[in-house]
Amino acid sequence: EEFQHRRVSLVDVLRVARERHPAERPLALAEQRADVGRDEAGKLEGVRHAVVVGLLAQVIAIVEHFRALALEAGLNETGTLARIQRLVELGRFDRPFGGHLADAFQAQLSLRLQARIERLRLHQPLGDLVSPADLSKLERDVLKESLLIAKKLKEIVRHHFQLTVF
């Protein structure tokens, strides 16, 4: 009964993608946006064709952004997910966006962990780079969405603290 009312997150999608091979189709969020990954028919330019993505840098950025917001709000929470939840409760983010932020953070952690486990399995040196070519289409879509959400968070924090790039 409780399972039926639980929210499905990006991490759940990744878990299912690893257990089975689902039909390749974009996430519902991706279907609502313009297809920015293609500039001409048959010519792709997107996350699949990138050489590598450094997920550690993305994860650290999310952690640091929430640390700054938590310090400003005087929060005692030390975990990133707890900070996100508390900032939503305080009205700093609306509930849907807070959910997307938590999902993006967990998805990036999950993808990074999966890549590191695979490197261990292949007896390769550990690193924090993930090759999108090694991901399924579903995982690439999840990665793309999580990076877009992280970028939105970065813009919000930059505007909030009136930061500029030199």
Side-chain angles (χ1 to χ4, degrees), residues 1-20 22 25-34 36 46-47 50 52-118 120 126-130 132 135-165:
E1 175 101 8
E2 183 179 331
F3 177 75
Q4 294 175 348
H5 299 290
R6 191 172 67 83
R7 187 172 71 114
V8 176
S9 70
L10 292 174
V11 173
D12 295 320
V13 171
L14 285 174
R15 188 174 300 118
V16 170
R18 283 289 180 200
E19 293 172 4
R20 304 260 186 235
R25 58 183 289 271
L27 297 174
L29 291 173
E31 292 176 357
Q32 295 175 1
R33 289 186 286 108
V36 296
V47 77
V52 289
V53 176
L55 283 183
L56 179 62
Q58 289 295 323
V59 169
I60 289 173
I62 292 173
V63 169
E64 293 300 323
H65 292 330
F66 279 106
R67 181 177 291 146
L69 292 168
L71 285 171
E72 180 189 51
L75 302 182
N76 293 325
E77 285 76 7
T78 56
T80 301
L81 292 174
R83 287 174 176 161
I84 293 171
Q85 181 180 355
R86 188 71 178 112
L87 288 166
V88 166
E89 290 169 0
L90 293 173
R92 302 286 173 101
F93 298 103
D94 63 26
R95 197 161 298 281
F97 187 62
H100 292 311
L101 288 166
D103 289 348
F105 177 67
Q106 290 178 308
Q108 289 179 9
L109 285 177
S110 179
L111 286 170
R112 180 175 174 261
L113 179 61
Q114 288 172 8
R116 291 176 67 96
I117 290 170
E118 182 64 14
L120 279 173
L126 292 180
D128 293 307
L129 301 177
V130 175
L135 302 176
S136 71
K137 174 142 177 32
L138 182 60
E139 290 169 328
R140 286 191 307 271
D141 288 342
V142 168
L143 174 61
K144 190 179 203 179
E145 290 296 321
S146 72
L147 292 173
L148 288 172
I149 292 165
K151 182 179 178 182
K152 175 79 172 159
L153 172 63
K154 181 180 176 181
E155 292 169 0
I156 290 169
V157 170
R158 179 177 287 149
H159 177 73
H160 179 75
F161 289 107
Q162 299 177 1
L163 302 174
T164 58
V165 178

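As a basis for the values below, the full set of heavy atoms in this structure was taken, side chains included, without hydrogen atoms, waters or symmetry mates. No experiment lies behind these values; they were computed from the predicted model shown. Counting from 1, the numbers follow the sequence of the chain as shown.
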Considering all heavy atoms of both residues, which atom of [X] and which atom of [Y] are nearest to each other, and what is their separation?
| X | Y | answer |
| --- | --- | --- |
| Gly98 | Ile84 | O-CG2, 3.5 Å |
| Arg140 | Pro132 | CD-O, 3.3 Å |
| Arg112 | Val130 | CA-CG2, 4.5 Å |
| Val63 | Arg83 | O-NH1, 4.4 Å |

Would you compute the distance between atom [atom1] of [X] and atom [atom2] of [Y] and round it to the nearest 0.5 angstrom?
| X | Y | atom1 | atom2 | result |
| --- | --- | --- | --- | --- |
| His65 | Leu101 | NE2 | CG | 10.5 Å |
| Asp141 | Lys137 | CG | NZ | 4.0 Å |
| Leu153 | Phe93 | CG | CZ | 5.5 Å |
| Leu138 | Leu143 | CG | CG | 11.5 Å |

Please determine whether a side-chain nitrogen of the Lys or Arg among Arg67 and Glu64 lies less than 4.0 Å from a carboxylate oxygen of the Asp or Glu. yes
Hey, are Glu89 and Arg86 close enough for a salt bridge, meaning a charged N less than 4.0 Å from a carboxylate O? yes
Would one find more than 12 heavy atoms of other residues, nucleotides or ligands at under 6.0 Å from atom CG of Asp94? yes
Show the numbers, then the answer: is there a side-chain contact (heavy atoms from CB on, under 4.5 Å) between Ile62 and Gln108? CA-CA 10 Å; Ile62 292 173; Gln108 289 179 9; 3.6 Å; yes
Let's go through Leu87 and Leu75 carefully: what are the C-alpha distance in whole Å and the side-chain angles of both, what is the deciding distance for side-chain contact (heavy atoms from CB on, under 4.5 Å) to 0.1 Å, and is it a yes or a no? CA-CA 9 Å; Leu87 288 166; Leu75 302 182; 3.8 Å; yes
Note, Lys154 side chain near Arg158 side chain (heavy atom, < 4.5 Å): yes
Considering residues at least two apart in sequence or located in another chain, which fulfil the side chain to side chain contact (heavy atoms under 4.5 Å, CB included) criterion with Leu109? Val59, Phe105
Lys152 and His100: side-chain contact (heavy atoms from CB on, under 4.5 Å), yes or no, with the steps? CA-CA 11 Å; Lys152 175 79 172 159; His100 292 311; over 6 Å; no
Stepwise side-chain contact (heavy atoms from CB on, under 4.5 Å) check, Val88 with Phe97: CA-CA 9 Å; Val88 166; Phe97 187 62; over 6 Å; no
Listed by chain and number, what are the side chain to side chain donor-acceptor pair (under 3.5 Å) partners of Glu77, not counting sequence neighbours? none
